[in-house]
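Only heavy atoms go into these numbers, but all of them, side chains included; no hydrogens, no water, no symmetry mates. One is the number of the first residue; the rest follow in order along the sequence.
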Amino acid sequence: MQKFGLVLLAVLPMSSLALSQSPTTTPPTTAPATQTITLGNAAVALTGPWKFQPGDSPVVNGSPLWAQPAFDDAHWAPLSLAPQAGAVDLMLGTSGYVPGWTSTGYPNLSGYAWYRLRVHVTDPTQPLWLQMPNNFDDAYQVYANGRFLGQFGVFSAKHVTGYSSQPASFPLPAPGPDGNFDLAVRFYMNASTQFDNEDAGGLHGPPVLGLASTVHLLQASDDDANLHSQFGGLLRVLLYLLVMPLVLWALWYNPQERAWLWLFLALGYAVVDGAVVALGNLTTLVTLVESSSVSVLTLPLWLMFWWHWFGLREKRWIPRVAWLMAATLTLLKFCARSPGLGFHLVPLPALHLFNVASVWVNVPYQLLLIVILVEGYRRDRTEALLAAFPILLLMYGTFGVYLRQAFHIPQIFFPFGLGFDFPTIVSILLVLSVAILSLRRFLRTQVRESLVHEAARKDLEQAQQLQQRVLIPDTIHSPVFSIESEYRPALTVGGDFYQTLSKPDGSLILVIGDVSGKGISAAMLVAVLIGAIRSQAEHSSDPSEMLAMLNRRMLGRAGGHFATCLAAEISPSGLMRIANAGHISPYRNGEDLDLEGSLPLGIADDVTYPTQTFQLSPGDHLTFLTDGVPEATNPARELYGFDRTRAISNQPAATIMAQVLTFGQEDDITVLGIQFASA
C-alpha cells in the first residue's frame with residue numbers, strides 16, 4: 001500500500017565505489033533472468049528485468065516450489081523495475097517511482113503474485129543484505145536460494161493481513177559456489193487496494209542489494225524519511241489537541257450552544273483518525289483495513305457542527321440524511337474492504353461497484369453542506385460568507401484526491417524535509433478558519449451579553465432606588481412611639497416589605513411581611529402589596545381586614561409566590577390589635593409574643609385572620625423582623641437560629657442587623673423596633 005516516504009537511493013556516488021552493473025549475455029530460453037553485479041563498498045538497485053507470474057506457488061516438501069533456485073521461470077513474463085526518467089508518484093510527489101502491476105498488463109490482478117530474479121555477485125567477500133522498497137502493495141515474503149528470509153505482513157493459511165508499507169531489510173545467506181542468488185518475492189494484494197490507486201500492485205521501486213553497512217545506512221535514511229513524512233499529520237493532531245480544550249471551555253461557558261459540542265466531537269474524532277494513520281504508517285499496530293476505515297464519521301460530525309452553527313434546528317431532515325449517508329458509507333466500505341478481513345461479503349467482480357458507490361455516496365454530503373450554507377446565508381449573510389471558505393475546504397477534502405490525480409498534482413510536499421500532504425494542509429486551514437469564526441462569534445456574544453448585563457444592571461439599580469422610595473415609609477414624629485428600622489436585601493432588590501403609618505388620632509399602623517423568593521419578581525409583588533397597604537389604611541386600620549385585603553390582591557397575581565405578613569394597630573394608650581398570616585411572631589421586651597397562626601397570603605381564598613389584643617406598658621420595646629434573621633447561616637452552614645434571635649431582640653435595630661450580617665446573610669433581612677412611651 002502506498003504511503004509517505006522518500007525515494008530509495010538506488011546507487012551511491014560512483015567516485016568512491018568499485019561497482020559495475022551489466023546484464024549477462026542473452027540467456028537460453030530455459031535459463032532464469034540474471035543480473036550480474038560487482039560489489040565494492042556500495043549498493044545496487046535490482047531493477048531487473050525480473051520474472052513475474054500471477055497466482056501462488058504450489059508447496060513441495062513444505063516450501064514454495066517457485067522459490068527454489070532450480071525452478072524454471074523461463075515462461076514467466078519479464079517485468080522491469082527501472083523507473084522511467086522523470087517518473088513521479090502523484091500520490092507522494094516522489095521521483096523514481098515504478099508503477100504497479102495493475103498498470104503494466106495485469107489490471108484486474110489481486111491476491112498472490114511472484115517476482116523472481118537471479119543475481120550474480122562476482123566478489124561476495126562480505127555479508128550482503130537486501131533492502132525492500134518502502135512503497136508496495138500490500139504484503140510480501142522474501143526468499144533467497146529457496147530459503148525464507150522474512151516478511152512484511154502476516155501470512156496464514158486462510159488470510160493475509162497487510163499494513164501500511166514501511167522500509168525493511170533482510171540479511172542474505174552466502175551465495176552458491178557460482179556466486180548466484182536466486183531471489184523470489186511472494187506478494188499478496190488485497191482485492192480492494194486496486195481502488196485506492198490507479199497503478200496499485202506489488203513493488204513500486206526496485207529492491208536494493210548491498211553490503212550490510214551500506215544497507216543499514218539506507219534503512220536508517222528511509223526510516224528517518226518515513227518519520228519526517230508524518231510531521232504534517234502529527235502537527236495537525238497537536239493543533240487539534242490544543243484547540244479542543246478551548247472548545248470545551250466554550251461549551252461549558254455556553255452549554256446552550258450545541259455547535260461547540262459537535263465541534264469538540266469532530267476535532268476529537270480527527271485526533272483519533274490522525275493517531276490511527278500515524279500508527280499505521282510508523283508501526284504494525286494498525287492494519288490497512290483499520291487505517292482506511294476510521295474516517296467515515298468525519299463529514300457527518302462536521303455537518304452537525306454547521307447545522308447547529310447556523311441554527312437550522314427546524315430542518316431536522318438534514319441530520320437524518322447525514323447519518324443515513326454515514327450508515328450507508330460504512331456498509332459500502334465494509335463490503336468493499338471485507339477481503340482484507342479474510343472473507344468476501346460480495347463477489348469479487350462486484351467490489352468495483354461497491355467502491356464506486358462508496359465514492360459517490362459522498363455527493364449527498366456536499367449537497368447538504370451547500371443547503372446549510374444557503375440557509376445560513378438567508379439568516380446571516382456576513383456569517384455565511386465567512387463560513388464559505390471552511391465549508392469549501394471541507395468539500396475539497398472529500399474529492400480533492402480525485403482532482404489531484406486528474407490534473408497530475410502531487411499530494412505531498414517536503415519543505416525543509418518535513419512532509420505535508422494536501423489533506424493535512426486542508427485540515428489545518430479548516431481548523432484555523434473555524435477558530436477565527438468561533439472567536440468572532442464569541443467576541444460578538446461577549447459584547448452583546450455585556451450590553452445586556454449593563455442594561456440589566458442599570459435596571460436593577462433603578463429598581464433598587466424605586467423600591468427604597470416605595471418601601472421606606474415617611475418618618476413618623478410621635479411623642480408616644482419611637483420607631484427605628486433596618487432593611488438589607490440579599491440581592492439588589494428583595495422580597496421583604498414593611499410600612500409604618502400614623503393616623504390622625506396618633507395611632508400607629510404597622511405592616512411587615514416577606515414574599516417568597518428573591519429578585520425582581522418578588523420585588524414587583526412587594527410594590528403591589530405596599531400600594532395596597534397604603535390604600536387600605538385610608539379606609540380601615542383593622543389588622544384582620546388588612547390581611548384579608550392583601551390576600552385577595554395576591555390571589556391570581558402572585559405567579560407562584562406567597563407571602564407571610566403581620567399587621568398591627570397600636571393606639572396612644574398602648575392597646576395593640578394584631579393579626580398574623582404565617583409570619584414570625586414579634587418580640588416584646590425580649591420575649592416571644594404568643595400569636596395565633598394562619599395561612600400565608602396568596603395560598604387560599606376565604607382565609608380568616610383572627611385579631612388578638614395586647615396592652616402595652618410604658619417602656620415596652622417591640623421587635624418585628626423577617627425570617628432572614630434566624631435563617632442567617634455562617635460559613636460552617638450553621639443557622640443563627642431563634643435562640644440567638646430572642647437573645648438580641650431587645651437591642652436596637654441597627655445592632656441586630658450588624659450582628660446578623662457578621663454571622664452570614666442568606667435571605668432578605670428586615671428589623672423594625674418600636675419603643676412605647678405613655679401618652
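In this structure, the ring of Phe71 has its center less than 6.0 angstrom from the ring center of Trp76. Ring pair Tyr188/Phe155: centre-to-centre distance not below 6.0 Å.
Aromatic ring orientation, Trp323 versus Trp262: tilted (interplanar angle from 30° to 60°). Between His204 and Tyr97, the angle of the ring planes stays under 30°, which puts this pair in the parallel group of the 30/60° scheme.
Without hydrogens or angle criteria, Ser221 side chain to Leu218 main chain gives no donor-acceptor distance under 3.5 Å. Judged by distance alone, with hydrogens and angles left aside, the side-chain atoms of Thr214 form no donor-acceptor pair with the main-chain N or O of Gly210 at under 3.5 Å. The closest donor-acceptor contact from the side chain of Asp72 to the backbone of Ala74 lies under 3.5 Å. Listed for the Tyr365 side chain is a donor-acceptor partner under 3.5 Å among the backbone atoms of Ala322. When atom types are taken as modelled, the side chain of Thr104 and the backbone of Gly100 share a donor-acceptor pair closer than 3.5 angstrom. Judged by distance alone, with hydrogens and angles left aside, the side-chain atoms of Gln68 form no donor-acceptor pair with the main-chain N or O of Ala70 at under 3.5 Å. A donor-acceptor contact shorter than 3.5 Å links the side chain of Thr102 to the backbone of Ala200. Tyr115 places a side-chain N or O within 3.5 Å of a backbone atom of Leu203 that can act as its donor or acceptor partner. Between the side chain of Thr330 and the backbone N or O of Ala326, at least one donor-acceptor pair lies under 3.5 Å. Although no hydrogens or angles enter the test, the distance criterion places a donor-acceptor pair under 3.5 Å between the side chain of Gln166 and the main chain of Thr283.
Counting only heavy atoms from C-beta outward, the side chains of Met395 and Ile370 approach each other to under 4.5 Å. Counting heavy atoms from C-beta outward, His159 and Thr161 have side chains that approach closer than 4.5 Å. With a 4.5 Å cut-off on side-chain heavy atoms, Val208 and Leu130 do not count as touching. At a threshold of 4.5 Å between non-hydrogen side-chain atoms, the residues Leu430 and Leu394 count as touching. Under the 4.5 Å side-chain criterion, counting only non-hydrogen atoms from C-beta, Leu172 is in contact with Leu183. Contact check for Pro133 versus Pro207: side-chain heavy atoms found under the 4.5 Å cut-off. Val160 is not listed as a side-chain neighbour of Val154, based on a closest heavy-atom distance of 4.5 Å or more. For the pair Phe187/Asp137, no side-chain contact is recorded, criterion being any heavy-atom separation below 4.5 Å from C-beta on.
A pairwise comparison of heavy atoms in Pro390 and Val434 identifies CB-CG2, 4.1 Å as the closest pair. Nearest approach of Asp182 to Pro69, heavy atoms of both residues: OD2-CB, 3.3 Å.
Counted by atom type alone, Thr193 and Asp138 present one or more donor-acceptor pairs between their side chains at under 3.5 Å. A side-chain donor from one of Gln131 and Asp222 sits under 3.5 Å from a side-chain acceptor of the other. With 3.5 Å as the limit, one finds no donor-acceptor pair spanning the side chains of Gln194 and Ser110. For Gln219 and Asp223, the side-chain atoms include at least one donor-acceptor pair closer than 3.5 Å. Side-chain atoms of Asn281 and Gln230 include a donor-acceptor pair closer than 3.5 Å.
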Requested in this report: Begin with the C-alpha distance, continue with both residues' side-chain angles, and end with the deciding distance and a verdict on side-chain hydrogen bond (donor to acceptor under 3.5 Å, both in side chains) for Asp199 and Trp101.
Outcome: CA-CA 7 Å; Asp199 51 6; Trp101 67 53; over 6 Å; no
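Rounding to the nearest 0.5 Å gives a distance of 10.5 Å between CG of Leu437 and CG of Leu263.
Tested against Arg236 for a side chain to side chain contact (heavy atoms under 4.5 Å, CB included), the candidates Val277, Leu241, Thr424 yield a single pass: Thr424. Just one of Trp66, Trp114, Tyr106 meets the ring pair (Phe, Tyr, Trp, His ring centres under 6.0 Å) condition when paired with Phe52; it is Tyr106.
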